[in-house]
Amino acid sequence: MKDQIRVRFAPSPTGFLHIGGARTALFNWLFAKHHDGVFILRIEDTDRSRSTDDYMKSIIEDMQWLGLHWDEGPYRQTDRFEIYKEFAKKLLKEEKAYYCYCSAEELETKRQAAISSGLPVKYDGKCRELDIIPEDKPAAIRFKMPQEGQTIVNDLIKGKVIFDNTQLEDLVIVRSDGTPTYNFVVVVDDIEMRISHIIRGDDHLNNTPKQIHIYKAFNSHIPEFAHLPMILGHDKSRLSKRHGATSVHAYREMGYLPEALVNYLVRLGWSYGDKEIFSKEEMIKLFSLENIGKSAAVFNPDKLLWLNSQYIMNTDSEKLAELILPFLIKDNIITNKEEVNKKWLAKAIDLLKERSKTLQEMANSLKYFISDLIEIDPKAKDKFLTSESIKFLAEIKELLLKLDDFSSKNIEKIFINIAQQNNLKLGSLAQPMRVAITGSTASPGIFELMETIGKEKVIKRLSKVIAIK
RNA sequence: GGUCCCAUCGUCUAGAGGCCUAGGACAUAGCCCUCUCAAGGCUAAGACACGGGUUCGAAUCCCGUUGGGACUACCA
């Protein structure tokens with residue numbers, strides 16, 4: 001029987017869940033699901049000065065929002081310091097690691113000297129074979145890297161990558177304050193958690209040979225590696241805040257659906273022929289590491305926006321009605337969830353979902369369905385609310401008042417009749433009406449819109465416009 | 001600087017030596033549909049970074065150049 005697939009996503013809680021991190025999480029999740037494996041969430045918070053509980057909570061929340069549910073964890077590295085201590089002790093005992101008494105200043109001076117003379121920047125191994133141990137000096141623990149030979153990484157995405165061991169330096173595994181460092185704890189945790197495949201960003205490719213030697217020092221089985229290409233900003237530099245919104249959280253707030261974001265992310269670096277839209281089930285079924293490209297991808301917000309509009313169009317209006325509520329409340333269109341009838345809201349959303357690219361945009365349009373405070377765009381008013389058109393609006397209003405069945409069909413009949421009687425195009429009646437009841441020149445079809453907004457509100461808004469003149 | 005990775009339309013990508021006159025998607029432009037805005041349909045424009053090999057034949061294999069990126073911490 002094949003060994004079970006066990007993968008992990010290991011974010012550090014020093015910020016919101018990043019787009020790049022979300023994709024790494026997604027690929028791990030897909031790989032686990034595809035192989036009936038286990039997906040583990042591990043919080044890498046060994047940098048205590050930069051990690052916060054709030055960020056940890058937000059990352060967990062965003063993972064759940066994306067639907068990337070983990071089977072184990074979340075583990076926190078700060079809960080596991082005793083384990084790391086044991087592992088470090090073992091290394092010390094076997095002389096695979098040693099105490100280093102060099103001070104930060106000393107190290108920094110040497111580094112600067114190396115840089116200015118164009119030499120490779122690397123720890124010189126001063127404390128490796130120390131005869132006299134300095135007293136009362138804080139000591140870090142360094143790992144003894146081999147200084148000859150090569151280390152080969154057979155990466156599942158990048159292929160065979162060869163590193164010269166002369167490039168490797170004796171890295172610090174435990175700081176002088178006793179806390180362990182990244183390259184050490186990842187390995188310990190991946191050993192302890194029996195991780196079979198490490199799928200992570202290719203910014204870690206250079207760390208891999210170092211980590212392989214730590215595995216070897218523990219005589220541990222070395223997992224498979226798969227290094228994902230990076231996600232870049234429009235200028236091809238590493239995606240960061242200055243490229244605009246880069247956190248999952250931000251997209252959530254802007255009214256993106258998690259399914260759309262996940263779909264966008266899966267196509268960044270991965271593809272399946274010409275297919276663009278994937279349900280979660282399809283992704284799981286179709287996903288494989290072999291179809292991941294090697295080159296970095298530029299993040300394209302336009303395509304994400306398009307996908308979001310596609311997902312909005314194809315989501316049930318009842319479900320959208322549920323999702324839109326927080327936006328309506330946030331924008332003071334309603335004050336609580338009970339204020340608006342869900343059935344009616346879904347009907348309004350039926351008209352809006354083909355023309356809204358985000359939930360936020362939809363909420364903006366919903367304003368003229370719900371609120372009685374219609375702000376009329378001055379330009380639209382000048383163009384369409386002329387004394388001539390208002391005369392017709394008044395005429396239509398009278399006919400509408402007599403309508404018992406305020407249906408789009410009946411409303412349309414009224415418009416067509418008046419247009420014919422006056423030899424007008426439908427547009428010359430529809431546009432003024434649109435401006436009168438929505439305040440703008442763009443909206444869903446006017447008849448359906450009027451039906452949905454309802455007789456009472458329509459008459460009220462019409463009267464107001466007619467009264468201005 | 002050193003080490004490593006990468007290179008097809010503006011962007012995401014298809015392409016595993018002949019199916020390539022290089023396909024799809026987003027964005028862009030035009031047309032159709034139409035009460036506006038969308039949606040939808042049709043069409044257009046748009047790429048194998050460059051130079052050498054290998055081969056009867058190369059976007060695909062090899063080498064070099066150039067360009068981009070990552071790492072180079074007692075950050076992760």
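Atoms considered below: every heavy atom in the structure, side chains included; atoms not considered: hydrogens, waters and symmetry mates. Remember, it's a predicted structure, so these values are computed and weren't measured experimentally. Within every chain, numbering begins at 1; the chains are lettered A, B, ... in the order of the sequence lines, protein sequences first and strands thereafter.
B/G46 and B/A22 have their C1' atoms separated by 13 Å, given to the nearest Å. Spacing between B/C19 and B/G57 at atom P, rounded to whole Å, works out to 15 Å.
Phosphate proximity of B/A25 to A/K303: absent, as no side-chain N or O sits under 4.0 Å from OP1 or OP2. OP1 or OP2 of B/A73 has at least one side-chain nitrogen or oxygen of A/R111 nearer than 4.0 Å. The shortest distance between the side-chain N/O atoms of A/T46 and the OP1/OP2 oxygens of B/A76 is below 4.0 Å. One finds a side-chain N or O of A/R142 lying less than 4.0 angstrom from the OP1 or OP2 phosphate oxygen of B/C74. For B/G67, the OP1/OP2 oxygens have no side-chain nitrogen or oxygen of A/K236 closer than 4.0 Å. Within the structure, every side-chain polar atom (N or O) of A/S443 is placed at least 4.0 Å from both OP1 and OP2 of B/C37.
On a pure distance criterion of 3.5 Å, no polar donor-acceptor pair joins the side chain of A/Q167 and the base of B/G2. A donor N or O paired with an acceptor N or O is not found under 3.5 Å between the base of B/C37 and the side-chain atoms of A/T441.
The residue among A/A10 and A/I446 whose nearest nucleotide of RNA chain B lies closer to the 5′ end is A/I446. In terms of position on RNA chain B, the residue among A/D274 and A/M230 whose nearest nucleotide sits closer to the 5' end is A/D274.
In this view, A/R242 and A/D235 satisfy the salt bridge (charged side-chain N to carboxylate O under 4.0 Å, His left out) rule, not counting sequence neighbours. In this structure, the side chain to side chain contact (heavy atoms under 4.5 Å, CB included) partners of A/V266, at least two apart in sequence or on a different chain, are A/L26, A/F27, A/L30, A/N263, A/W270, A/F278, A/M283. Judged as a salt bridge (charged side-chain N to carboxylate O under 4.0 Å, His left out), and not counting sequence neighbours, the contacts of A/K303 are A/E276.
A ring-ring contact (aromatic ring centres under 6.0 Å, His included) with A/Y264 holds for exactly one of A/F299, A/W306, A/Y251, A/Y311; it is A/F299. Among A/I60, A/L66, A/I59, the single residue meeting the side chain to side chain contact (heavy atoms under 4.5 Å, CB included) criterion with A/M63 is A/I59.
For residues 39-48 of chain A, the pairs satisfying salt bridge (Lys or Arg N to Asp or Glu O under 4.0 Å) are A/R42-A/E44, A/R42-A/D189, A/R42-A/D190, A/D45-A/R76, A/D47-A/R50, with sequence neighbours left out. Among residue pairs with one or both ends in residues 113-124 of chain A, those qualifying as salt bridge (Lys or Arg N to Asp or Glu O under 4.0 Å) are A/K110-A/D124; sequence neighbours excluded.
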Under-3.5 Å N/O pairs linking protein and nucleotides 38-42 of chain B:
residue : atom : partner : partner atom : Å
B/A38   : O2'  : A/E354  : O            : 2.7
B/G40   : OP1  : A/Q310  : NE2          : 3.3

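Among the nucleotides B/C12, B/C4, B/C71, the one closest to any side-chain atom of A/F163 is B/C4.
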